[in-house]
Chemist: 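What follows is a single structure, and I will ask about it in a moment.
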Amino acid sequence: MADRETAGTMKILMVNKFLYPNGGSETYIFKLGEELQKRGNEVQYFGMEHTGRIVGNRAERYTADMDFHTGKLQKLLYPFKIIYSFEAKRKMGEVLLDMNPDVVHLNNINFQLTPSVIYAVRAYEKKTGRRVKVVYTAHDYQWVCPNHMMRIPSTGKICFACRDGHFGACSKNRCIHNSKIKSLLGTVEAAFYARRKTYGMVDAIICPSEFMKKQLDTNPLLADKTIMLRNFVEKPERAKGKEAADYVLYFGRYAEEKGMETLLKACQALPEIPFVFAGSGPLEEKVDQVKNVENKGFVTGEALRSLIAGARFSVYPSEWYENGPFSVMESQMHGTPVLVSDLGGAPELVQAGRTGELFRGGDVEELTAHIRELWEDPGRCLTYRKNCLEINFDTVGEYCDKIVRKVYT
């Protein structure tokens with residue numbers, strides 16, 4: 001390993017349950033992996049097989065696709081495979097023996113892959129005598145909260161009950177898909193790995209926000225391993241002379257935990273203000289019912305960039321403890337101010353009163369008032385836009401420099 005570090009090249013195995021574009025963690029692993037490869041490192045990927053898979057490994061070993069929302073899995077091995085996957089451990093071991101990585105970089109692994117992959121790395125070390133650095137990027141709160149959101153879905157209330165290592169509240173509150181069975185399994189899974197001190201076997205934990213770091217630091221096994229590194233964002237080319245259009249933008253998932261119910265109520269209370277939504281999700285039918293909301297559907301690439309850059313301001317009303325959302329950074333990178341809820345790591349990304357504003361998450365009246373004030377004060381929005389253009393979040397290259405220097409080596 002030392003020779004590779006000196007030469008500036010390493011072998012990195014990225015581990016994530018989804019190996020196709022699905023959300024923020026996938027954006028993260030694909031962009032980071034691409035940048036690492038550009039620098040001469042070897043990057044391979046391990047996760048579930050899927051028809052949409054866009055990355056992989058030389059050994060062509062992946063776990064079977066698992067969809068917890070179809071109902072098919074419960075009839076088969078669902079109760080067992082989400083706690084400990086012998087398949088994932090075995091196939092991961094085959095990839096490790098073929099690749100001989102210097103670093104294994106874990107991302108979203110719980111339930112579909114399970115932390116059995118951590119044991120696969122340590123078994124590989126014992127078999128080969130090689131030392132592997134195990135790194136984990138915390139994209140959510142799974143390692144201190146069985147439902148990963150620190151939020152009770154049935155009530156929408158924020159919850160810290162499991163953070164002390166006693167996970168019974170997950171079952172009591174039906175925190176996973178509002179199901180007794182699934183919540184019990186989540187409780188068992190969390191207790192099983194806590195008792196075995198499995199998460200203490202990783203070498204470093206990357207936290208994209210101070211809030212995330214604070215939550216993981218409540219676990220003594222993790223506290224001395226956490227490192228705060230904010231996510232990266234691509235800096236777009238500025239559209240010369242582009243003026244903000246007359247709409248307020250929301251882009252993201254149409255889901256209850258994203259604050260959609262609250263935002264839609266605010267939209268209805270402000271019929272004189274045009275809103276543009278870009279995304280998809282379970283609440284799409286409700287989005288389509290609000291007269292002053294234009295639903296663009298799922299938008300990507302240049303079309304999305306144009307929507308962001310053209311908005312007077314964007315709204316990020318999430319009602320769970322977001323980590324370090326790309327959406328908030330992307331908005332400001334395009335010179336568009338953000339009105340963001342005050343929960344989790346999202347408000348750390350906004351300079352309140354300079355590049356955007358904060359409101360109390362879940363408070364319809366406060367959100368409505370902020371939207372109205374910003375809409376009726378275009379001069380303030382213009383000042384915020386100018387300030388946004390001065391922000392310097394890390395590019396993927398700058399982030400890669402830090403992660404190699406501070407975490408991998």
Side-chain angles (χ1 to χ4, degrees), residues 23-24 68-69 71 74 78 82 108 110-111 138-191 194 209 211-212 214-216 218-219 250 252-269 277 279-287 289-290 315-323 325 327-328 339-347 358-371:
F68 294 159
H69 300 281
Q74 246 180 324
Y78 172 55
I82 72 160
N108 282 346
N110 290 76
F111 300 143
H139 298 280
D140 56 37
Y141 306 94
Q142 182 71 50
W143 286 12
V144 291
C145 168
N147 89 333
H148 78 261
M149 295 178 72
M150 296 199 302
R151 182 177 186 271
I152 302 173
S154 60
T155 65
K157 291 183 178 178
I158 297 299
C159 176
F160 293 98
C162 292
R163 199 175 57 174
D164 62 358
H166 298 90
F167 305 108
C170 179
S171 298
K172 179 182 176 181
N173 297 319
R174 299 186 182 186
C175 288
I176 300 178
H177 301 164
N178 200 30
S179 161
K180 280 186 178 180
I181 297 292
K182 294 178 182 180
S183 299
L184 176 61
L185 288 169
T187 300
V188 171
E189 188 249 14
S209 69
F211 184 86
M212 170 64 78
K214 181 179 179 182
Q215 305 317 307
L216 296 190
T218 61
N219 183 335
Y250 170 81
R253 184 166 167 74
Y254 301 162
E256 189 262 342
E257 71 274 6
K258 293 292 187 180
M260 291 302 296
E261 298 273 12
T262 301
L263 178 56
L264 289 174
K265 288 176 182 176
C267 294
Q268 289 172 320
F277 282 27
S280 61
L283 297 183
E284 187 155 8
E285 187 175 331
K286 288 190 176 183
V287 171
Q289 292 172 357
V290 180
V315 184
Y316 198 82
S318 190
E319 292 174 15
W320 75 285
Y321 286 131
E322 293 279 2
N323 188 2
S327 298
V328 175
L339 176 56
V340 64
S341 68
D342 62 353
L343 299 175
L358 307 181
F359 75 97
R360 189 182 300 110
D363 191 321
V364 177
E365 291 184 1
E366 189 170 324
L367 173 58
T368 302
H370 270 282
I371 293 175

Chemist: Of all heavy-atom pairs between Phe277 and Cys267, which one has the smallest distance, and what is that distance?
Modeler: CZ-SG, 4.0 Å
Chemist: Specify the closest pair of heavy atoms between Val340 and Ala346, including all atoms of both residues, with the distance to one decimal.
Modeler: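 What the structure gives for the nearest pair is CG2-CB, 3.7 Å.
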Chemist: For the NZ atom of Lys286 and the OH atom of Tyr254, what is their distance to the nearest 0.5 Å?
Modeler: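 The distance works out to 15.0 Å.
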Chemist: Are Ile176 and Phe111 packed together at the side-chain level, in the sense that at least one heavy-atom pair is separated by less than 4.5 angstrom?
Modeler: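 The answer is yes; the side chains approach within 4.5 Å.
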Chemist: Please report the closest heavy-atom contact between Pro282 and Arg253, naming both atoms and the distance.
Modeler: CD-NH2, 3.5 Å
Chemist: Are Asn108 and Asp140 packed together at the side-chain level, in the sense that at least one heavy-atom pair is separated by less than 4.5 angstrom?
Modeler: yes
Chemist: Sequence neighbours left out, what passes salt bridge (Lys or Arg N to Asp or Glu O under 4.0 Å) with Glu284? Give chain and number order.
Modeler: none
Chemist: Assess the residue pair Leu264 and Tyr250 against the criterion (side-chain contact (heavy atoms from CB on, under 4.5 Å)); give the C-alpha distance rounded to whole Å, side-chain angles, the decisive distance to 0.1 Å, and a yes or no.
Modeler: CA-CA 11 Å; Leu264 289 174; Tyr250 170 81; over 6 Å; no
Chemist: With rounding to the nearest 0.5 Å, note down the distance linking CG in Asn323 to CE in Met149.
Modeler: 12.0 Å
Chemist: Between Ser154 and Asn178, which heavy-atom pair has the shortest distance, and what is it?
Modeler: CB-OD1, 4.0 Å
Chemist: Any chance you could measure Lys258, atom NZ, to Leu283, atom CG, to the nearest 0.5 Å?
Modeler: 12.5 Å
Chemist: Any side-chain heavy-atom pair from Glu189 and Asn110 closer than 4.5 angstrom?
Modeler: yes
Chemist: To the nearest 0.5 Å, what is the distance between OG on Ser341 and CH2 on Trp320?
Modeler: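 The distance works out to 11.0 Å.
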Chemist: How far does CE of Met260 sit from CD of Glu319, to the nearest 0.5 angstrom?
Modeler: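 Reported value, rounded in 0.5 Å steps: 10.5 Å.
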Chemist: Between Tyr321 and Gln215, is there a side-chain donor-acceptor contact under 3.5 Å, judged purely by atom types and distance?
Modeler: no
Chemist: Rounded at 0.5 Å granularity, tell me how far NZ in Lys265 sits from CD in Glu365.
Modeler: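 Here the rounded value is 11.0 Å.
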Chemist: Would you name the heavy atoms of His139 and Met212 that are closest together and state the gap between them?
Modeler: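 Closest approach of His139 to Met212, heavy atoms only: C-CE, 4.3 Å.
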Chemist: Just wondering, do Leu263 and Ile371 contact through their side chains at under 4.5 Å, heavy atoms?
Modeler: yes
Chemist: What residue among Cys162, Cys159, Cys145, Cys175 forms side chain to side chain contact (heavy atoms under 4.5 Å, CB included) with Met150?
Modeler: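 Looking at Cys162, Cys159, Cys145, Cys175, the match for Met150 under the side chain to side chain contact (heavy atoms under 4.5 Å, CB included) is Cys145.
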Chemist: So Pro347 and Phe211, do their side chains get closer than 4.5 Å, heavy atoms only?
Modeler: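 Contact flag for Phe211/Pro347 side chains = no.
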Chemist: Which atom names give the shortest non-hydrogen contact between Ser171 and Leu184, and what distance separates them?
Modeler: OG-CA, 3.4 Å
Chemist: Sequence neighbours excluded, which residues qualify as ring pair (Phe, Tyr, Trp, His ring centres under 6.0 Å) partners of His370?
Modeler: none
Chemist: Taking the side chain as C-beta and beyond, is there a heavy-atom pair between Asn147 and Asn173 under 4.5 Å?
Modeler: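 Contact flag for Asn147/Asn173 side chains = no.
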